[in-house]
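Presented below is the structure to which this report refers.
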Amino acid sequence: MDIYVLRAIASELSHELVGGRVRKILQPDRRSLLLVLDCPGRKTRSLILSADPAYPRIHLTDKKIASTAEPPDFCRSLRNHLIGAAITRISAGERERVVQITLEKPGAGKAGGWYGLMAEIMGRWSNIVLVNARSSEIVDSIRQVSEAQSRKRPLVRNAKYQLPPEQKKPPPEEINESEFLQKFSDDGPWEEGPEEEGSEEENSGKESLAALSRWLVHSFAGLSPVVAAEIAARVGTPSGGTPQGEFAEEDRSRAVWTEFSEAIDELRKENFRPCVLLGPDGTPSGLSALEPQSVTESRNRSSASYTEFETMNEAADFFFGHLVSPAEFNGERDRAAREVGRHAARAKKTLAAVERDLLGSRSAEEERLKGEILLENLNGVPEKSSVFHAERGGGRIEIKLDPRYSVSENAQRFFRRYKKLRRQSVMAEERRKGIEDKVHFLEGLLFEVEEAQSPGDLEAVRGALAQSGFRLRGTRPEEKKTSRRGRRQAADRASARPWRRYDAPEGWQIFVGKNALGNDALMRQVGRAGDLWFHAQGVPGSHVILRTPEGAAEEAASDEAILQAASLAAYHSKARGSGRAEVACVPFQRVRRPRGAPPGRVVITGQRTIAASPDEGAALMEVLEAAE
């Protein structure tokens, strides 16, 4: 949902829901809400709000959505404050993707007041926040963001609510023709020069339009890939049918400005044309408030390139209803989280037992010392004594004896206990290291489950579990006894090419592991001597590899490229919400995967630490993804 879709939805909701009262609040899953409203004209409407990172949205729905049997804390909090409240205003932000629902609840004290229900529709940063409209304090949020996670904008109870920060790009509505033409002249998408010899004209035209679409997304705030692609397509098929590739050089920028300004003017005046874009197989592929004038104007749903709707809410309900069911996906994610959590709890319990063994083994040296003292005092210890006191190191030591044995035999018993405790200590140390690796690995998988945006992401988590020898629920015991090679092949099949590759304008390449299997694949298939390896310290996250055109990143990489790679490592980690993260940087040849370690677990030597900003990594991701 881009900002224009949200404005269209908010405008329709304002017309439909203002004056309605909240009758029921349900929470279908941990990131979604369903408000059942009694609206003017005796209408009952259902409004769904979701902060799911894969399917963030807000729209009216006619579908029946099941709720959890036991309402979560956030649902109970909203019921306490909003049941019976009347909606007085609904609006969307001018620049940020936030829809604010203002509600008034009659009564005094805690039972009544003014509230703002903020639906932040921002991909993986999406949230639903209830705010006290008078004090601007946060009453509750569906996803708590602590100050440790985000010093700039914590989202916790009693904190002051702040709108999300604006993008550091000009809004498309505020740029004039001369500014646009200057910007296009400075960094437009057709600076690369003439076509390569032998390239086909049709392919070249498509590449030019794709480059224009990426440039628009990168250059202007709030401009979604859907709107940018439509503007680029209109430029490619101007009135008169002249292909964009045949424009004279001086006409290109004006043609782009003409289509850009006309499309933005349609959206600014709220001449919304709700539609769902369809893929080649007829399945929904995008949601747009701008009519796709550049595609074949067929209205047959089975063959059309898009389908029109009366309202944007109907378009949104159709679009999200035909994707992978969010409720089904969330159920799968919850099951995966429980599966990984079960193994993590068991590993932590084992680790605690090993820690207790280590604590007991610390008395080994004391046992040895007592044995030595007894041997030194063979003639000074009375026979059949039950205790002996000795002075050692300025202190008094009490040694309990078994009267059934001689002094020498008591000493030997202390030495035997010393050896036993030493053996336990060595074994416990070895076990502790292995179990700590498992705990760190499983905590990393829990982070992957939290960040999962598709069924494939969850399948990669299960593949990593299988590769590490953890038994999945529902498998037979004999299925567990697969070979290490078989587990690795199964995991690889579950996540084909589990890393991202980006080519930066400066010429360097960046590889980012998508998950534990991706991190492992980078080690086995991608990394090579001369690369630089990055990882956020002390938290789960992706491995990042930097490679320069010269092939020797350690020597040739600029400070800017290194800082950008470190920022990406910070962004793709659990430190994403913090203002700063410590990132380890080391030549790839100093990274080693221990034998038998879980996927993604490595040992590094000689690293240096870089202070990186996850926010800068997020901004860089926008640039790199737009350039793909």
Side-chain angles (χ1 to χ4, degrees), residues 1-16 18 57-59 89-101 118-123 163-184 188-189 209 212-239 253-277 286-295 306 308-316 319 622 626:
M1 283 187 164
D2 64 27
I3 195 166
Y4 301 109
V5 169
L6 286 176
R7 288 180 190 173
I9 284 178
S11 177
E12 295 170 5
L13 293 180
S14 181
H15 177 74
E16 288 272 340
V18 167
R57 63 202 186 281
I58 175 173
H59 59 84
R89 183 171 179 266
I90 299 177
S91 62
E94 289 296 317
R95 298 187 182 181
E96 63 281 329
R97 288 181 292 169
V98 180
V99 176
Q100 176 176 338
I101 303 174
M118 318 298 291
E120 301 182 349
I121 312 300
M122 304 184 300
L163 286 170
E166 295 180 1
Q167 298 183 44
K168 297 179 181 179
K169 295 184 286 188
E173 298 95 337
E174 296 182 7
I175 194 166
N176 59 38
E177 182 176 2
S178 61
E179 292 171 338
F180 182 93
L181 295 177
Q182 183 61 50
K183 187 173 184 61
F184 191 90
L209 296 183
L212 173 58
S213 177
R214 292 193 296 266
W215 179 79
L216 290 169
V217 171
H218 171 56
S219 300
F220 300 99
L223 206 61
S224 70
V226 170
V227 174
E230 171 58 22
I231 294 172
R234 292 183 184 184
V235 173
T237 54
S239 58
S253 57
R254 291 196 179 277
V256 176
W257 163 251
T258 298
E259 300 298 346
F260 173 86
S261 59
E262 289 180 359
I264 297 303
D265 198 47
E266 288 179 47
L267 296 168
R268 182 180 58 80
K269 292 178 179 178
E270 298 191 356
N271 295 330
F272 300 129
R273 301 294 296 271
C275 59
V276 172
L277 307 182
L287 189 61
S288 178
L290 186 68
E291 182 183 11
Q293 297 178 2
S294 58
V295 300
Y306 69 99
E308 288 186 307
F309 290 83
E310 288 293 324
T311 69
M312 187 57 73
N313 278 273
E314 291 175 346
F319 176 73
E622 289 187 15

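Nothing fancy with the numbering, it's 1 onward along the sequence.
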Minimum heavy-atom distance between [X] and [Y], given as atom pair plus value:
X	Y	result
A315	V276	O-CG2, 3.4 Å
S91	A10	C-CB, 4.0 Å
Y4	P172	OH-CG, 3.2 Å
A263	R234	CB-NH1, 3.9 Å
L6	A92	O-CB, 3.9 Å
P225	S213	O-OG, 4.1 Å

Measuring from atom [atom1] of [X] to atom [atom2] of [Y], what distance do you get when rounded to the nearest 0.5 angstrom?
X	Y	atom1	atom2	value
E266	E262	CD	CD	7.5 Å
E259	I231	CD	CD1	9.0 Å
D2	L290	CG	CG	9.5 Å
E177	Q182	CD	CD	12.5 Å
S253	F180	OG	CZ	8.0 Å

- [ ] Applying side-chain contact (heavy atoms from CB on, under 4.5 Å), name anything that partners S261, two or more places apart in sequence or on another chain.
- [x] W257

Open item on the list: Can you list everything that forms a side-chain contact (heavy atoms from CB on, under 4.5 Å) with T311? Sequence neighbours excluded, please.
Closed with: E12, N313, E314

Is any side-chain heavy atom of [Y] closer than 4.5 Å to one of [X]?
X	Y	answer
L13	I58	yes
E230	S288	no
L287	V226	no
R57	I9	no
I121	V5	no

- [ ] Could you list the residues that satisfy ring pair (Phe, Tyr, Trp, His ring centres under 6.0 Å) with F272, not counting sequence neighbours?
- [x] none

Task: Worked check of salt bridge (charged side-chain N to carboxylate O under 4.0 Å, His left out) between K183 and E179 - done: CA-CA 6 Å; K183 187 173 184 61; E179 292 171 338; over 6 Å; no

Task: Test side-chain contact (heavy atoms from CB on, under 4.5 Å) applied to E16 and I90, step by step - done: CA-CA 10 Å; E16 288 272 340; I90 299 177; over 6 Å; no

Task: Test log, rule side-chain contact (heavy atoms from CB on, under 4.5 Å), inputs I3 and L267 - done: CA-CA 10 Å; I3 195 166; L267 296 168; over 6 Å; no

Task: Derivation of the salt bridge (charged side-chain N to carboxylate O under 4.0 Å, His left out) call for E173 and R7 - done: CA-CA 14 Å; E173 298 95 337; R7 288 180 190 173; 3.1 Å; yes

TODO: Name the orientation class of the two ring planes belonging to F260 and F220 (parallel below 30°, tilted from 30 to 60°, perpendicular beyond 60°).
DONE: tilted

Task: L212, L216, T258 screened by side-chain contact (heavy atoms from CB on, under 4.5 Å) with V235, the one that passes - done: L212

